[in-house]
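In what follows, a structure is listed as structure tokens, so that the remarks can point back to it.
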Amino acid sequence: MPSLLVLNGPNLNLFGTRQPEIYGSTTLADIETLCRDTAASLGYEIAFEQSNHEGVLIDHIQAAKGVHAGIAFNAAAYTHTSVALYDALVSVELPTVEVHASNVHAREPFRHKSFIAAASIGVIAGFGAQSYALAIRALAEHLK
Ligand code: CA2
């Protein structure tokens, strides 16, 4: 079965534990289940990873080449800062969808800048945990 990488950046292990008014009450484990179920319904399996470390995220992106058909990526705060993650995404040439649970464009101005968007086929933000399911659907549609 073809496979997708769902990659999560710093602090996303805290989903469902704090700031529910911004990020909802769904835990990252719940989001993993949602991603697995959504992907399976579309004929994909997933690898689901989270790291608080930029270099580890880069290692996951590099290792995805030849293994996964695409990436759904919530780079969290690194979205707004990381040229290194942009370079890694460009180098692997895999279709990537940028994902955010919150609507970053309705928040602080520093969240309006994304280094990930320029290396992505599209961006989904603001739908809570469902942003992930929508990203997987977008990838599956793109890969048809
Ligand atoms: O909305 C998103 O998914 C974000 O990627 C989440 C990041 C934020 O820096 C981005 O601008 C938007 C924040 C991760 C912090 O996660 C927490 C989750 C629960 C409680 C506290 C922090």
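Note that ligands are numbered from 1 as they come in the structure, with each ligand's atoms numbered from 1 the same way.
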>> Please find the pair of heavy atoms, one from Gln50 and one from Asn13, that lie closest to each other, and give the distance.
In response: NE2-OD1, 3.4 Å
> Has the side chain of His112 got a donor or acceptor atom that lies under 3.5 Å from a matching backbone atom of Arg107?
Replying inline: yes
> At a 4.0 Å threshold, what atoms of ligand 1 neighbour a non-hydrogen atom of Ala77?
Replying inline: 9 (O)
> Does an N or O from Thr17, backbone or side chain, lie closer than 3.5 Å to an N or O of ligand 1?
Replying inline: no
> Which is closest to atom 2 (C) of ligand 1 by heavy-atom distance: Gly24, Ala101, Ala75?
Replying inline: Ala101
> Counting heavy atoms only, which part of Asn74 comes closer than 4.0 Å to ligand 1: side chain, backbone, both or neither?
Replying inline: side chain
>> Suppose I only count heavy atoms of Gln19 and a 4.0 Å limit; which atoms of ligand 1 are within that range?
In response: 21 (C), 22 (C)
> Are Glu141 and Arg137 within salt-bridge range, i.e. N to O under 4.0 Å?
Replying inline: no
> Counting from 1, what ligand 1 atoms have a heavy atom of Val104 closer than 4.0 Å?
Replying inline: 11 (O), 12 (C)
> When only distance counts, is Arg107 in polar contact with ligand 1, meaning an N/O pair under 3.5 Å?
Replying inline: no
> Which of the numbered atoms in ligand 1 are below 4.0 angstrom from a heavy atom of His80?
Replying inline: 10 (C), 11 (O)
> Is the shortest N/O to N/O distance between Arg111 and ligand 1 below 3.5 Å?
Replying inline: yes
> Think Lys113 forms a cation-pi with Phe115, using NZ or CZ under 6.0 Å from the six-ring centre and within 45 degrees of its axis?
Replying inline: yes
